[in-house]
*Asks:* 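I'd like to ask some things about the structure below.
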Amino acid sequence: MGNEGLYSDEKVCSSMKFEVVATKGKARAGVLTLPHGTVETPVFMPVGTLATVKAITQRELGELGAQIILNNAFHLYLRPGVEIVKAAGGVHRFQNWKRPILTDSGGFQVFSLAKLRKITDDGVHFQSPVDGSKHFFTPESVIELEEGLGPDIAMVLDDVVANPATHEQAALAMRRSVAWAQRAANYRSRDDQAVFGIVQGGLYEDLRIESAQSTVQIGFDGYAIGGLSVGEKPEEMYPMVDTCCRVLPAEKPRYLMGVGTPRDLREAVASGVDMFDCVLPTRLARHGVAVTEEGNLNLVNARHKTDFGPVDVHCECPTCREYSRAYLHHLIKCREILASRLLTYHNIHFYLSLMRSLRADIMAG
RNA sequence: GCACGGGUGGCCGAGUGGCUAAUGGCGUCAGACUGUAAAUCUGAUCUCUUCGGAGUACGGCGGUUCGAAUCCGUCCCCGUGCA
């Protein structure tokens with residue numbers, strides 16, 4: 001049962017399994033089995049930071065075919081607090097989502113909160129962006145938090161630096177991330193929850209290789225590529241993704257965190273990435289932008305005022321089948337909440353369809 | 001008819017002699033957004049311009065003043081009260 005680790009002392013999740021079922025070049029199609037169901041990869045995970053994919057319901061997410069969603073442990077720790085989620089019976093019951101859930105640790109939030117934090121080798125001190133209260137996270141306390149929340153996959157606490165960073169800064173954060181990953185691995189206690197390590201190293205190939213090797217040596221159920229799309233150009237990001245995929249073991253899922261644009265997804269899948277998450281489709285939707293094959297369509301623009309055609313003639317989602325650009329433009333101008341809902345539905349549909357077509361292409365050989 | 005109050009840029013609304021092409025807000029136009037402190041944020045928004053400026057603007061007309069959205073006269077319009 002479960003995956004056998006490369007190292008005898010490696011802790012694994014006994015109820016997680018990952019199988020690569022087809023490859024095309026470096027791209028892979030796989031099946032990821034988790035406590036709450038199976039996930040066909042490559043997969044896009046809609047972001048539901050606060051236990052909600054903003055603007056749409058869990059029922060709608062199910063209809064869209066979302067296989068796994070992402071929550072954020074850091075945000076759920078602040079509100080409503082782990083005790084309430086526990087009392088509800090865990091993150092799945094709390095939000096009534098029966099399929100798999102991955103929780104991000106909060107490493108990225110600590111990174112983006114900039115002035116409100118202080119990172120030491122021991123952990124990270126930060127002030128709550130909600131009420132200013134002071135908190136301290138360690139690799140151990142974050143694992144404890146995530147084991148309390150109960151997602152299928154937990155991410156370790158990592159140290160993220162903004163690009164561009166110097167080699168020294170990137171190395172420091174990367175080695176700290178490795179040390180923290182080791183502590184998280186030592187501390188984890190649930191064998192029904194997968195834990196993923198995170199590769200760092202900024203835009204330096206040598207650091208990415210070192211990070212991937214060190215993290216793999218610790219042994220995790222899957223491996224994430226972190227610290228990308230934080231200020232660098234796509235042309236700088238893609239080689240890093242490719243390098244990481246080259247070093248990471250083929251038999252474990254690879255997750256590119258926080259990425260990205262449709263182009264980013266295609267490129268990264270081609271390099272061998274299996275999992276993605278990104279706020280773009282949902283955030284752009286709330287900002288009036290529809291993602292299409294032809295690129296982003298800003299429906300707030302006046303040119304759509306009398307355009308009674310659909311957002312995307314090729315799209316089969318209800319938003320495109322039932323409503324016009326002119327109507328969506330009108331809803332956006334009036335700040336009607338339905339605009340956010342319809343566009344979120346469309347954008348998630350676009351992302352999930354894109355991933356399904358990329359998978360089908362790999363399956364076809 | 002009389003007495004007060006008021007008429008400011010697409011709208012609302014500050015401003016009561018020069019620092020005012022005129023604070024704000026709304027609207028409008030555009031841009032940004034990649035492990036969500038984000039249904040958010042940023043910029044532009046009188047006209048023309050060789051980007052140095054120039055012109056026209058605070059109900060109309062006239063006046064005072066070196067200088068007026070700001071003071072005076074008069075006319076028009078709106079609100080409230082009294083006849």
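First the proteins, then the strands, lettered A, B, ... as listed; each starts at 1.
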*Asks:* Is the closest basic N to carboxylate O distance between Arg79(A) and Asp131(A) below 4.0 Å?
*Replies:* no

*Asks:* Is G35(B) syn or is it anti, if syn means the base angle is within 90 degrees of 0?
*Replies:*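 G35(B): anti.
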
*Asks:* How far does the P atom of C61(B) sit from the matching atom of C76(B), given to the nearest Å?
*Replies:*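 Straight-line distance between the two P atoms is 15 Å.
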
*Asks:* May I ask you to verify if any side-chain N or O of Ser105(A) is less than 4.0 angstrom from the OP1 or OP2 atom of G35(B)?
*Replies:*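 Answer no for this pair, as no side-chain N or O of Ser105(A) is under 4.0 Å from OP1 or OP2.
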
*Asks:* Using a heavy-atom cut-off of under 4.0 Å over every strand shown, decide if Gln200(A) touches base, sugar-phosphate, or nothing.
*Replies:*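 Counting heavy atoms under 4.0 Å across all strands, the contact made by Gln200(A) includes a base.
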
*Asks:* Kindly assign one of parallel, tilted or perpendicular to the pair Phe126(A) and His135(A), based on the angle between their ring planes and the thresholds 30° and 60°.
*Replies:* parallel

*Asks:* Pro129(A) has a side chain; which of C33(B), U36(B), A37(B) sits nearest to it?
*Replies:*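 From the listed options, A37(B) comes nearest.
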
*Asks:* Select base, sugar-phosphate, or nothing to describe what Val230(A) touches, counting heavy atoms under 4.0 Å on all strands.
*Replies:*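 It contacts nothing in the nucleic acid.
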
*Asks:* A side-chain contact here means heavy atoms from C-beta on lying under 4.5 Å apart; do Arg254(A) and Cys245(A) qualify?
*Replies:*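 Arg254(A) vs Cys245(A): side chains touch.
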
*Asks:* Taking atom P of C33(B) as reference, at what distance in whole Å does atom CG of Asn296(A) sit?
*Replies:*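 Spelled out: CG on Asn296(A) to P on C33(B) is 9 Å.
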
*Asks:* Can you tell me if the side-chain N/O atoms of Lys233(A) get under 4.0 Å from OP1 or OP2 in U34(B)?
*Replies:* no

*Asks:* Can a side-chain donor-acceptor contact be found between Ser189(A) and Glu147(A) if the only test is distance below 3.5 angstrom?
*Replies:* yes

*Asks:* Compare the aromatic ring of His287(A) with the six-membered base ring of U40(B) and state whether they stack according to the 5.5 Å and 30° rule.
*Replies:*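 Yes; by the centre-distance and plane-angle rule, His287(A) counts as stacking on U40(B).
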
*Asks:* Considering every strand and a 4.0 Å limit on heavy-atom distances, what is the contact class for Asn301(A): base, sugar-phosphate, or nothing?
*Replies:*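 The answer is sugar-phosphate, as Asn301(A) gets under 4.0 Å only of primed atoms, P, OP1 or OP2.
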
*Asks:* How many whole angstroms separate atom CE of Met237(A) from atom C1' of G35(B)?
*Replies:*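 Distance check: Met237(A) CE to G35(B) C1' gives 13 Å.
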
*Asks:* Between the base of U36(B) and the side chain of Arg286(A), is there a donor-acceptor distance below 3.5 Å?
*Replies:*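 Between U36(B) and Arg286(A), which were checked side chain against base, a qualifying N/O pair under 3.5 Å is present.
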
*Asks:* Crowded around Glu235(A) CD? As in, over 12 foreign heavy atoms under 6.0 Å?
*Replies:* yes

*Asks:* Between His92(A), Arg93(A), Lys98(A), which is the residue that forms a side-chain hydrogen bond (donor to acceptor under 3.5 Å, both in side chains) with Asn96(A)?
*Replies:* Lys98(A)

*Asks:* Is the distance between the ring centroids of Tyr351(A) and Phe44(A) under 6.0 Å?
*Replies:* yes

*Asks:* Can you figure out which of G27(B), U28(B), U34(B) approaches the side chain of Val279(A) most closely?
*Replies:*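 Looking only at heavy atoms from C-beta outward on Val279(A), the closest nucleotide is U34(B).
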
*Asks:* Which whole number of Å gives the distance between the C1' atom of A68(B) and that of G62(B)?
*Replies:*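 A68(B) and G62(B) have their C1' atoms separated by 14 Å.
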
*Asks:* Starting at the 5' end of RNA chain B, write a dot or bracket for each base, bracketing those in Watson-Crick or G-U wobble pairs whose two distances are under 3.5 Å and using | for partners on another strand.
*Replies:* ((((((((.[[[..)..(.....]]]((((((.......))))))(((....)))...[[[[[..)....]]]]]))))))).

*Asks:* Can you tell me the distance, in whole Å, between the CD atom of Glu232(A) and the P atom of U34(B)?
*Replies:*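 Going from CD in Glu232(A) over to P in U34(B) covers 11 Å.
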
*Asks:* Within the structure provided, determine whether Ile56(A) and Leu61(A) are in side-chain contact (heavy-atom separation under 4.5 Å).
*Replies:* yes

*Asks:* Taking only the P atom of each, what is the distance from U42(B) to U50(B) in whole angstrom?
*Replies:* 32 Å

*Asks:* So, OP1 or OP2 of A30(B): does either fall under 4.0 Å of a side-chain N or O from Asn298(A)?
*Replies:*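 So the side chain of Asn298(A) is outside the cut-off, no N or O lying under 4.0 Å from OP1 or OP2 of A30(B).
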
*Asks:* So what does Lys54(A) hit on the nucleic acid, given a heavy-atom distance under 4.0 Å: a base, only sugar-phosphate, or nothing?
*Replies:* base

*Asks:* Take atom C1' in G5(B) and the same atom in G9(B), then report the distance between them in whole Å.
*Replies:* 24 Å

*Asks:* Would you mind reading off the distance between Leu284(A) atom CG and U40(B) atom P, rounded to a whole angstrom?
*Replies:*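 Computing the Leu284(A):CG to U40(B):P distance gives 14 Å.
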
*Asks:* In whole angstrom, give the distance that lies between atom CE of Met45(A) and atom C1' of U34(B).
*Replies:* 14 Å

*Asks:* With heavy-atom distances below 4.5 Å as the criterion, would you say the side chains of Phe111(A) and Val161(A) are in contact?
*Replies:* no

*Asks:* What distance, rounded to whole Å, do you find between the two C1' atoms, one in G43(B) and one in G6(B)?
*Replies:* 36 Å

*Asks:* Just the rounded figure in Å: distance from P of A32(B) to CG of Leu297(A).
*Replies:*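 The distance from CG of Leu297(A) to P of A32(B) comes to 13 Å, rounded to the nearest Å.
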
*Asks:* Look at Thr49(A) and U36(B) and indicate whether a side-chain polar atom (N or O) is within less than 4.0 Å of OP1 or OP2.
*Replies:*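 The answer is yes; a side-chain N or O of Thr49(A) sits under 4.0 Å from OP1 or OP2.
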
*Asks:* Look at all strands and tell whether Asp104(A) reaches a base, only sugar-phosphate, or nothing, counting heavy atoms closer than 4.0 Å.
*Replies:* base

*Asks:* For G35(B), does OP1 or OP2 lie under 4.0 Å from any side-chain N or O of Gln109(A)?
*Replies:* no

*Asks:* Answer yes or no: does a side-chain N or O of Lys333(A) lie under 4.0 Å from OP1 or OP2 of G27(B)?
*Replies:* no

*Asks:* For Val291(A), is there any backbone N or O sitting under 3.5 Å from a side-chain donor or acceptor partner on Asn347(A)?
*Replies:* yes

*Asks:* Regarding Gly288(A), tell me which of base, sugar-phosphate or nothing describes its non-hydrogen contacts under 4.0 Å with the strands shown.
*Replies:*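 Touches nothing.
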
*Asks:* What does Val130(A) touch in the nucleic acid at a heavy-atom separation under 4.0 angstrom: a base, only the sugar-phosphate, or nothing?
*Replies:*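 Val130(A): no heavy atom of the nucleic acid under 4.0 Å.
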
*Asks:* If you only use heavy atoms from C-beta on, which nucleotide in U40(B), A37(B), U36(B) is closest to the side chain of Ser112(A)?
*Replies:* A37(B)

*Asks:* Which nucleotide wins on minimum distance to the side chain of Ser229(A), given the candidates A37(B), G27(B), U34(B)?
*Replies:*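 For Ser229(A), the side-chain atoms sit closest to U34(B).
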
*Asks:* Contact class for Asp158(A) (heavy atom, under 4.0 Å): base, sugar-phosphate, or nothing?
*Replies:* base

*Asks:* Find the distance Asp277(A):CG to U36(B):P and express it as a whole number of Å.
*Replies:*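 Result: 6 Å.
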
*Asks:* Reckon Arg335(A) has a side-chain N or O less than 4.0 Å from the OP1 or OP2 of U40(B)?
*Replies:*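 Yes, because at least one side-chain N or O of Arg335(A) sits under 4.0 Å from OP1 or OP2 of U40(B).
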
*Asks:* OH of Tyr238(A) versus P of U34(B): gap in Å, rounded?
*Replies:*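 Atom-to-atom, Tyr238(A) to U34(B), this comes out as 14 Å.
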
*Asks:* Under 4.0 Å, heavy atoms only, any strand: does Leu50(A) hit a base, just the sugar-phosphate, or nothing?
*Replies:*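 Nothing: the residue Leu50(A), judged by heavy atoms under 4.0 Å, touches no strand.
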
*Asks:* Between His329(A) and Ser340(A), just flag the one whose closest nucleotide in RNA chain B comes earlier from the 5' side.
*Replies:*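 Its nearest nucleotide lies further toward 5', so the answer is His329(A).
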
*Asks:* When rounded to the nearest Å, what value does the distance between C1' atoms of C77(B) and G59(B) take?
*Replies:* 8 Å

*Asks:* Taking any heavy-atom pair under 4.0 Å as a contact, classify Ser128(A): base, sugar-phosphate, or nothing.
*Replies:*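 The residue Ser128(A) makes no contact with any strand.
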
*Asks:* When you get a sec, tell me which of G35(B), A37(B), G27(B) is the closest nucleotide to the side chain of His75(A)?
*Replies:* A37(B)

*Asks:* Run the salt-bridge test on Lys252(A) and Asp221(A) with the 4.0 Å N-O cut-off and return the result as yes or no.
*Replies:*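 Asp221(A) and Lys252(A): not salt-bridged.
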
*Asks:* I'd like the P distance from C29(B) over to U47(B), given in whole Å.
*Replies:*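 It comes out at 15 Å once rounded to the nearest Å.
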
*Asks:* How far, in whole Å, is U8(B) from G60(B) if one measures between their P atoms?
*Replies:* 10 Å

*Asks:* Reckon Arg283(A) touches a base, only the sugar-phosphate, or nothing at all at heavy-atom distances under 4.0 Å?
*Replies:*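 Result for Arg283(A) = base.
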
